[in-house]
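No hydrogens, no waters, no symmetry mates; every other heavy atom, side chains included, goes into these values. Positions are given from 1 along the sequence.
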Amino acid sequence: IGDFTAARATMERAQPLVQRMMTEQNNPKLQTQLAGLYYYTAGALEKTGDFSGALQNYRQAAAILEPIAADPSTNIYVRAYLPANYEGVARMLAETGQIDEGIAMATNALHSVKTLSAANPTNATLSEDVAEGYGTLGDIQRKKHLEAALSSYRSEQSILHRLSSADANNQQAILNLGFIEANIGEIFMQQGKVSKGLRSVQEAITIFRAAPGSKNLWVATGLGECYADLGSGYAAL
């Protein structure tokens, strides 16, 4: 229901319980659960604007997961939790003004998930994680380097095109493709290439309108952002 403050409080109450259980038995499953609590606490803090607190929690989750992910026998999806937390660290570094450090961390996260995906090339979930990694990197680069951001967005776009072409019902890939098309359009407009940017935004609108499950909050959100972009573009012209 979007009550992130209450979610944060609930997860913070759960942390000492799991920590106490971990002292009684060194169990990787419990360690993973504790990392998950830190991760979701970080997400709630991020939503409420406490970026420093979120950064601390993402880092705590990553520290727990690093030795677990280093074990090749660990479940592949559990290993993928680590780069997800690195991405969280990267976002929060950027939000707290540490842009270069954020770019470096996002690059590290992308490398980690690309390694996992390369070892499991038919795994669509990991491919989507790689696309998301490019998106996170692009979002941070965009604060400082538009051309680098555009390159990252195009890499994400390529993966999402492949995934959505392979499965017309892959709603996540299709919606993310709409958002990245809009992001690319916004970059073009920031660079003064307004007509080119408008074409990308119009393509994003086409994607959102044709997306499976059209009565979807993310479709409405994407369309709203696109119409705002169109307004900005037309005003610039």
Side-chain angles (χ1 to χ4, degrees), residues 2 4 43 46-49 51 54 84 87-88 90-100 102-103 106-107 109-110 127-237:
F4 299 110
E46 182 177 351
K47 293 290 187 183
T48 54
F51 301 131
E87 287 180 22
R91 289 195 307 274
M92 295 308 97
L93 285 169
E95 289 289 356
T96 53
Q98 302 170 79
I99 307 298
D100 291 335
I103 290 172
T107 302
L110 179 59
S127 293
E128 288 174 0
D129 288 346
V130 173
E132 185 175 335
Y134 275 116
T136 297
L137 177 59
D139 289 343
I140 299 172
Q141 290 170 324
R142 187 172 171 177
K143 297 176 182 291
K144 197 170 184 178
H145 310 289
L146 290 181
E147 278 300 327
L150 186 58
S151 176
S152 294
Y153 285 156
R154 287 204 180 283
S155 295
E156 179 180 11
Q157 180 190 44
S158 176
I159 295 169
L160 294 173
H161 266 304
R162 173 171 56 82
L163 291 170
S164 58
S165 296
D167 182 1
N169 292 313
N170 187 336
Q171 186 185 59
Q172 180 176 341
I174 292 168
L175 293 178
N176 286 341
L177 182 59
F179 282 110
I180 205 61
E181 288 282 2
N183 284 349
I184 289 171
E186 290 168 2
I187 293 281
F188 284 142
M189 286 192 272
Q190 284 180 269
Q191 294 176 323
K193 305 170 185 176
V194 179
S195 295
K196 194 172 183 179
L198 286 172
R199 286 196 293 273
S200 289
V201 175
Q202 290 283 11
E203 176 61 23
I205 290 174
T206 299
I207 291 169
F208 284 125
R209 284 177 172 168
S214 58
K215 293 186 183 300
N216 179 295
L217 175 63
W218 293 110
V219 171
T221 301
L223 286 171
E225 291 182 7
C226 286
Y227 290 132
D229 288 339
L230 287 182
S232 297
Y234 292 142
L237 291 174

Distance-minimising heavy-atom pair for Ile99 and Ala94: CD1-O, 3.6 Å
side-chain contact (heavy atoms from CB on, under 4.5 Å) between Glu181 and His161, worked out: CA-CA 11 Å; Glu181 288 282 2; His161 266 304; 3.8 Å; yes
Atom pair CZ (Arg91) and CG (Leu137), whose distance is rounded to the nearest 0.5 Å: 13.0 Å
Given Val201, Ile205, Ile207, the one that forms side chain to side chain contact (heavy atoms under 4.5 Å, CB included) with Glu203: Ile207
Distance, nearest 0.5 Å, that separates CG of Asp100 from CD of Gln141: 11.0 Å
Interatomic distance, Leu160 atom CG to Glu128 atom CD [nearest 0.5 angstrom]: 7.5 Å
Beyond-backbone contact of Gln202 with Cys226, side-chain heavy atoms, under 4.5 angstrom: no
Nearest heavy-atom neighbours spanning Ala168 and Ile174: O-CD1, 3.3 Å
Contact check, side chains of Leu198 and Leu237, non-hydrogen atoms, under 4.5 Å: yes
Distance (rounded to the nearest 0.5 Å) between Ile159 CD1 and Leu177 CG: 11.5 Å
Option passing side chain to side chain contact (heavy atoms under 4.5 Å, CB included) with Ser200 (candidates Ile187, Asp229, Ile184): Ile184
Atom pair CD/CD1 of Glu87 and Ile140 - distance to nearest 0.5 Å: 8.5 Å
Gly138 to Ala149 - nearest heavy-atom pair and separation: O-CB, 3.4 Å
Closest non-hydrogen atom pair between Ser164 and Ala173, with its separation: N-CB, 4.3 Å
pair Ile103-His145: side-chain heavy atoms closer than 4.5 Å: yes
Gln171 (side chain) donor-acceptor with Pro212 (main chain) under 3.5 angstrom: yes
Listed once per pair and sorted, the ring pair (Phe, Tyr, Trp, His ring centres under 6.0 Å) pairs that draw on residues 165-188, sequence neighbours left out: Phe179-Phe208
Under 3.5 Å side-chain donor-acceptor pair for Gln191 and Glu147: yes
Nearest heavy-atom neighbours spanning Glu46 and Phe51: O-CE2, 3.6 Å
Pair Asn183-Glu156, side-chain donor/acceptor within less than 3.5 Å: no
Gap separating the OG atom of Ser151 from the CG atom of Leu146, nearest 0.5 angstrom: 12.5 Å
Flag, side chain of Thr96 to backbone of Leu93, donor-acceptor distance under 3.5 Å: yes
Tyr153 vs Arg142 side-chain heavy atoms within contact, under 4.5 Å: yes
